[in-house]
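For the single chain, residues carry numbers from 1 onward in sequence order. FYI, side chains are in, hydrogens and waters are out, and symmetry mates aren't considered; it's all heavy atoms of this structure. Predicted, not measured: the structure shown is a model, and the values here were computed from it.
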Amino acid sequence: MSSRRAHIEIGGMSCSTCSGTVREALEALEGVEEASVNFATDEGTVSYDPDRTDLAAVYAAIREAGYDPVSETATVGIIGMSCSTCAATNEEAIGAVDGVIAVSVNAATDEARVEYNPVDATLTDVYAAVEDAGFEPMREGREEASGGTSGDGTDSATGADGGGSGTDERTTAAERELVRQRRLVIGGGLLTLPFWYLMGAMFGLYTHPETVLGVHHGWVQFALATVLMATLGREFLAGAWRAWSRGRDVNMDTLVAIGTSAGYLFSTAVLLAPVVGSALIGDYYFEAVAFILWFITVGNWLEVRSKARASDALRALLRMGPDEATLVVDGTERTVPVEEVAVGDLMKVRPGETVPTDGVVREGESAVDESMLTGESVPVEKGPGDEVVGSTINANGVLLVEATKVGSDTAIQRIVDRVREAQSRQPDIQRLVDEVSGVFVPVVIANATLWAVIWALFPETLAAFVDWLPLWTPVGGGPVAGGVSVLEFSMVVFASAVLIACPCALGLATPAATMVGSTIAATNGVLFKGADVLERVRDVDVVVFDKTGTLTHGEMELTDVVAFADGRPVSDDGDRFGPGSDGAAPDGGVAVEDDRADAADTADADAHETRLLRAAAAAESGSEHPLGEAIVAGARERGVPVADPDGFENVPGHGIRATTPLGETLVGNRKLLREAGVDTGPAEATMERLESAGKTAMLVAVDGELLGVVATADTVRESARETVAALEKRGIAVSMLTGDNERTARAVAEQVGIDPDRVRAGVLPADKADAIEAVQSDGSRAVMVGDGVNDAPALATAHVGIAIGSGTDVAIESADVTLMRDDPRDVLKALRISEATIAKVRQNLFWAFAYNATLIPIASLGLLNPALAGLAMAGSSVSVMTNSLVFRRWDPNTDYHLLVTRPLYRLLD
């Protein structure tokens, strides 16, 4: 094959060195023949051998070099897929398009998720590939609305209106397919009605006339069956030919086409035998052909209907948003379409109205119903400075909200995008299913052919064996005297053995369950990056919590100010300004009531404490760390003026250095001050006391003089202890990571019920990933739960990374799972959803395998009428979808149990 050339826009390059780095990375990739990169135009051209590498590897090499190759991601609805083989055919066709980086096609959702290079490929090319494969792509979403991505391949836009085209396409595809299948079901049902009448006569309920309007009933059956083959049958014949002509594949359409054609051709031959003078004798099987086609068409209609219902909740999220928004401009209100709202616009939201888009409350107070986002039924109180999410409902007050995110950047659209991505990535168990499905149809055809031949060669021997079995009589009495001819019976065995097999049941088992599971997760505030992640979560042995913002609220406050003079506390270790500790916990812990200083303050003590606070607050005013912000806020609350520092240096994991009006100031831990030559010994007792109380204590020094100690605290989340206990009850070990010292960390661990031996204290931000690797070094599979920028490497290193929804975008992007609420109990919810979804996958696979393993042998022994085989085939895939849909009713706040075992678990509970 000739080489391919890709033209790629590359972000992040700033000089020729950058372009050289990218070029070297590409040239080092096996299969790349030539690479040219121009930093001035932010473009690169790569020639590569598609037999040795692919565009995905090229993009990966650029990203690993630290740069951002531009790609776009789109979700394309596809009409006409009936099984996993259809999905594989589309994947192969789309993947062969020049410029397509990655593609995943899901037969359960009738969607293809495509990442492509917008320089070399367009959605038009993708549509053409789908059509060439014999399917119908949904074109309603304009190409420019397909969704751009940054270099990491994540969606950055999904449509001009922000709604994205993929979900609209999915809805339209489902509706169109439902209409088409419903039309086929109704039309086929009308044509099948005469055969129902004929079936009654076959069962001896009455006799049917030999002629209809002077025409022999055989010719009437032939005419009706021919029309059915030309309408309902054409769907399967075309699908079978498409699979074979384009990729030498065989699928469920092949089985239906072969089985119905065998019955139709045999019956036609019997009908024509007297006309051509042939001695062929046998019964007509036109009614079997009719019922097979209609039963399977009904099954397809029910399957498409089930697919649409499976994602109803997800589509409902997008439909909950209002069509209009009330903008306030210079005191004047005007109503505009929600698509016209821009970042920075001020919106008025009245009681009972839906919040138009994500924003921040500027005026007003109200309770907002966020149940559609988090699954939490209790409305959340909102006031100035609080964030609100688009599509949530304002309950009782008037709010003025400044828009902060619009269109595809809104939380709702990101949820939908994440769920669609999750549905496009299947769990590892699907790989086994795909391997089985890949050989299933050829094996079924071979098995049917083998048994047809065996019955033709040894009819009496096999008939005697079947009569010996404690089962029912073979179809038509068998190929013996008083039964049917050997040729006819062999045809019946072949048709039944082909029709009874159902690869669709196997192909739908996993995606149907994961589609419902990921939707349940999304509507309960848990977002999985993919079904492969959903599968991994259930296998974890250890849950590692980052302390601040995860087990605690991460909202620090200043609790203690202890000034020193001449190496001694000037007062009895307490905060002489504020109300004292209120039971909060720090970046390191939980605040505990401690003894307060003697109420008799002295002017000298006031002066020392004021100087201490002035120095600490001035130094920290240049910091954005929660600890520094708490010190500054605490100083202002106590009436202490806060000056700006002239110089500021952050020392990660240790503290800060700053030049303030008081002099060279240090605020941090013991190591920071000791390295600067400051004796911290006099403050050791105070530090130990505060740390033992679960507070974060920091030393303060100016120009080498120890001024004292300040302490902050943070409240532990109310649900933290409950979550830890529930995890341990499941047999999952719980650990905690923190940058705080050992005493503070142990105080927090004691409050939430974590074994002190499983606490890793003093972990620097850069070392969190190493700490996770250490936890997993013995083969354990760890979940890391965090919320900050410095948690991102650890989240990526862990077996599963979970980001608290209130955390930073960097943490959320690095995580495998995102919790929309900042409640650690949702970690349990993620575990339950993972366990329940994979349990449902296994249920579906069990029934699919059991169905085929049981009924294929029965059909091979001639014990199953072809019409009943077609009915069973249709019922098998419908049963898999129905089993998955029943799953929608489950509440992830409780453990999932099989329906038959639930009464037992209720008794045990």
Between the main-chain N or O of [Y] and the side-chain N or O of [X], is there a donor-acceptor pair closer than 3.5 Å?
| X | Y | value |
| --- | --- | --- |
| Tyr116 | Ala102 | no |
| Asp816 | Val533 | no |
| Ser834 | Leu534 | yes |
| Glu91 | Val105 | yes |
| Thr392 | Val389 | yes |
| Asp125 | Thr122 | yes |
| Thr797 | Pro793 | yes |
| Arg821 | Gly525 | no |
| Asn117 | His7 | yes |
| Asp54 | Pro50 | no |

Derivation of the salt bridge (Lys or Arg N to Asp or Glu O under 4.0 Å) call for Arg536 and Asp539: CA-CA 6 Å; Arg536 290 205 309 268; Asp539 296 326; over 6 Å; no
Glu115 vs Ser71, side chain to side chain donor-acceptor pair (under 3.5 Å): CA-CA, chis, key distance, verdict: CA-CA 7 Å; Glu115 182 186 3; Ser71 67; 2.9 Å; yes
Looking at every heavy atom in both [X] and [Y], which two are closest together, and how far apart are they?
| X | Y | result |
| --- | --- | --- |
| Asp345 | Ala342 | OD2-N, 2.9 Å |
| Ile833 | Phe528 | CG2-CE1, 3.8 Å |
| Asp546 | Gly786 | CB-CA, 4.1 Å |
| Met138 | Ile79 | SD-CD1, 3.5 Å |
| Ile94 | Ala112 | CD1-CB, 4.0 Å |
| Ile8 | Pro69 | CG2-CB, 3.8 Å |

Worked check of side chain to side chain donor-acceptor pair (under 3.5 Å) between Asn844 and Ser884: CA-CA 8 Å; Asn844 286 346; Ser884 299; 2.9 Å; yes
Distance, nearest 0.5 Å, that separates [atom1] of [X] from [atom2] of [Y]:
| X | Y | atom1 | atom2 | result |
| --- | --- | --- | --- | --- |
| Tyr127 | Glu131 | OH | CD | 10.0 Å |
| Leu29 | Thr53 | CG | OG1 | 4.0 Å |
| Met784 | Ile772 | CE | CD1 | 5.0 Å |
| Arg4 | Asp51 | CZ | CG | 9.0 Å |
| Met515 | Thr510 | CE | OG1 | 12.0 Å |

Asp98/Asp120 under side-chain contact (heavy atoms from CB on, under 4.5 Å): CA gap, chis, key distance, verdict: CA-CA 7 Å; Asp98 280 349; Asp120 291 339; 5.6 Å; no
Taking the side chain as every heavy atom from C-beta outward, state whether [X] and [Y] have any pair of such atoms under 4.5 Å apart.
| X | Y | answer |
| --- | --- | --- |
| Asn90 | Ile78 | yes |
| His799 | Val540 | yes |
| Leu831 | Arg538 | no |
| Ile802 | Leu819 | yes |
| Thr514 | Val841 | yes |
| Leu527 | Val817 | no |
| Asp68 | Ile10 | no |
| Ile520 | Pro892 | yes |

Listed partners of Phe887 passing ring-ring contact (aromatic ring centres under 6.0 Å, His included), at least two apart: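 Partners of Phe887 under the ring-ring contact (aromatic ring centres under 6.0 Å, His included) test: Trp890, Tyr896.
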Residues forming a salt bridge (Lys or Arg N to Asp or Glu O under 4.0 Å) with Arg781, sequence neighbours excluded: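 Listed in chain order: Asp541.
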Taking side-chain hydrogen bond (donor to acceptor under 3.5 Å, both in side chains) as the definition, give me every residue that meets it alongside [X], ordered by chain and number, with sequence neighbours left out.
| X | result |
| --- | --- |
| Glu402 | Arg362 |
| Glu324 | none |
| Ser47 | Arg5 |
| Thr357 | none |

Within 6.0 Å of CD in Glu33, more than 12 heavy atoms from elsewhere: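 Yes, the 6.0 Å shell around CD holds more than 12 heavy atoms from other groups.
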